[in-house]
**Q** 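Mind looking over this structure? Questions follow.
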Amino acid sequence: MTFQWTAVATFLYTEIGVILLLCVPFISPLRWQKIFMIPLWNKIANYWNKAFLTIIVLLIVLFLDAIREVKKYSTAQGTEKAANINPNAYDHIQMKLFRSQRNLYISGFSLFLWLVLRRTVTLITQLAKEMGIQVAMEIQVANTNEAARKYMEENEKLQQDIIGSTELECMEDLQGTIALNEKGKCENEQALEEDNKKLRKETEKLKAELKKTSNALSKATNEVTAVKKQSEGLKREYDRLMKEHERLQVGGCGSLHEQNVLKLY
């Protein structure tokens, strides 16, 4: 085996070992991400894409060369078999064909596993990121739940405090209302008592005035009665005097007629 195919075979075995190591179940993607975050890998990552493309090109060249060799020795094998040449030469061609086929398999599997390795590393990195995001979200959810629980406890405590303070305020307001009602009742009673006193005084005053007025009315009534009696007496006296005056007039006229008659005689 030449040096180049020895290197390709070694590279193939290394790929197989790395892929098997990446597939070990007890090493989590987060641990692989930590390994990939080592400063050495960070330095290598800057040249990773260039190295990947370079190795891809080399493996493709070797794979195409192996295909060419296989076709070459397959054609030569048919030609030599048809010509019935020396068996040693035929065995030599068979050996060359076997080596070319081996090189084809080595280069083909190396190219395939190199692509698989790249994809595996990419998937592990993405899975590690998703797991990291999931862990962060779980922590955030736990913190949110804890904050919500504390908030609910504080809310319940606040509601209890509010209910207690409200009941206390209601009791105080009720007591204050009762006190105000009692005070208002006392004030109303005092006001009513004062009003009753004023009414009594006014009633007594009105009674005194009524009594005074009644006395004055009685006095006036008596005076009126006396005046009426005096007027009736004066009227009777006036009538009597009128009658006497008429009588006197009549008597005076008769005496004058007699005197005139006597004078005639």
Side-chain angles (χ1 to χ4, degrees), residues 1-83 85-141:
M1 183 182 291
T2 59
F3 176 76
Q4 60 180 2
W5 293 110
T6 303
V8 173
T10 305
F11 185 72
L12 175 61
Y13 301 148
T14 305
E15 286 177 333
I16 294 171
V18 172
I19 290 173
L20 291 175
L21 185 62
L22 291 174
C23 293
V24 173
F26 55 83
I27 300 177
S28 64
L30 292 174
R31 189 176 298 276
W32 282 117
Q33 188 181 24
K34 291 179 181 179
I35 295 172
F36 294 153
M37 295 300 291
I38 295 174
L40 178 62
W41 289 107
N42 291 329
K43 292 178 181 179
I44 295 173
N46 296 326
Y47 307 99
W48 171 250
N49 290 326
K50 294 180 180 179
F52 176 77
L53 294 175
T54 302
I55 293 172
I56 284 288
V57 171
L58 290 175
L59 291 175
I60 290 173
V61 170
L62 292 172
F63 183 70
L64 294 175
D65 182 63
I67 292 173
R68 184 185 61 82
E69 291 290 332
V70 169
K71 287 183 178 181
K72 174 183 175 182
Y73 290 112
S74 295
T75 305
Q77 179 186 6
T79 303
E80 294 294 334
K81 187 175 182 181
I85 62 173
N86 190 0
N88 292 327
Y90 179 75
D91 292 337
H92 180 73
I93 292 172
Q94 287 290 328
M95 181 183 66
K96 291 290 186 178
L97 180 60
F98 171 75
R99 288 179 180 177
S100 61
Q101 290 176 348
R102 179 200 62 191
N103 295 334
L104 176 64
Y105 297 147
I106 291 173
S107 59
F109 278 110
S110 298
L111 179 61
F112 174 72
L113 292 178
W114 183 243
L115 296 174
V116 171
L117 181 62
R118 172 65 182 269
R119 185 59 179 169
T120 304
V121 172
T122 303
L123 292 175
I124 288 174
T125 304
Q126 292 178 356
L127 182 60
K129 290 181 180 178
E130 294 296 330
M131 291 178 68
I133 293 171
Q134 184 180 1
V135 171
M137 290 181 66
E138 288 177 355
I139 294 172
Q140 185 177 2
V141 169

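Quantities reported herein were computed from a predicted structural model and do not represent experimental measurements. Only this structure's heavy atoms are used, side chains among them; waters, hydrogens and symmetry mates stay out.
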**Q** Is Glu138 atom CD crowded by more than 12 heavy atoms from other residues, nucleotides or ligands, each under 6.0 Å away?
**A** yes

**Q** Rounded to the nearest 0.5 Å, how far apart are CG of Asn103 and CD of Glu69?
**A** 8.0 Å

**Q** Using the test ring pair (Phe, Tyr, Trp, His ring centres under 6.0 Å), find all partners of Phe63 that sit at least two apart in sequence or belong to another chain.
**A** none

**Q** Would you indicate whether the side-chain heavy atoms of Leu111 and Leu62 approach each other to under 4.5 Å?
**A** no

**Q** Return the set of residues passing side chain to side chain contact (heavy atoms under 4.5 Å, CB included) with Val141 (not counting sequence neighbours), or none when no residue passes.
**A** Asn145

**Q** Got a sec, which residues hit side chain to side chain contact (heavy atoms under 4.5 Å, CB included) with Ile139, two or more places apart in sequence or on another chain?
**A** Val135, Asn143

**Q** Looking at residues at least two apart in the chain, or sitting in another chain, which of them share a side chain to side chain contact (heavy atoms under 4.5 Å, CB included) with Leu21?
**A** Val24, Trp32

**Q** Kindly write out the residues that satisfy ring pair (Phe, Tyr, Trp, His ring centres under 6.0 Å) with Phe98, not counting sequence neighbours, or none if the list is empty.
**A** none

**Q** Is there a side-chain contact between Gln126 and Thr122 (heavy atoms, below 4.5 Å)?
**A** yes

**Q** Over all heavy atoms of both residues, which pair between Leu97 and Val70 is shortest? Give the atoms and the distance, please.
**A** CD1-O, 3.7 Å

**Q** Scan for salt bridge (Lys or Arg N to Asp or Glu O under 4.0 Å) pairs involving residues 46-66, sequence neighbours excluded, and state none if there are none.
**A** Asp65-Arg68

**Q** Please report the closest heavy-atom contact between Ser107 and Ala66, naming both atoms and the distance.
**A** OG-CB, 4.0 Å

**Q** If you look only at pairs with a residue in residues 121-136, which of them pass as a salt bridge (Lys or Arg N to Asp or Glu O under 4.0 Å), with sequence neighbours excluded?
**A** none

**Q** Answer yes or no: are there more than 12 heavy-atom neighbours, outside Phe52 itself, under 6.0 Å from its atom CZ?
**A** yes

**Q** Is there side-chain contact between Ser110 and Glu15, with heavy atoms separated by less than 4.5 Å?
**A** yes

**Q** Just to verify, what does Phe109 make a side chain to side chain contact (heavy atoms under 4.5 Å, CB included) with, not counting sequence neighbours?
**A** Leu12, Tyr105

**Q** Which residue pairs satisfy the salt bridge (Lys or Arg N to Asp or Glu O under 4.0 Å) criterion with at least one member in residues 110-127, sequence neighbours excluded?
**A** none

**Q** Please work out whether the ring planes of Phe11 and Trp114 are parallel, tilted or perpendicular, with thresholds of 30° and 60°.
**A** tilted

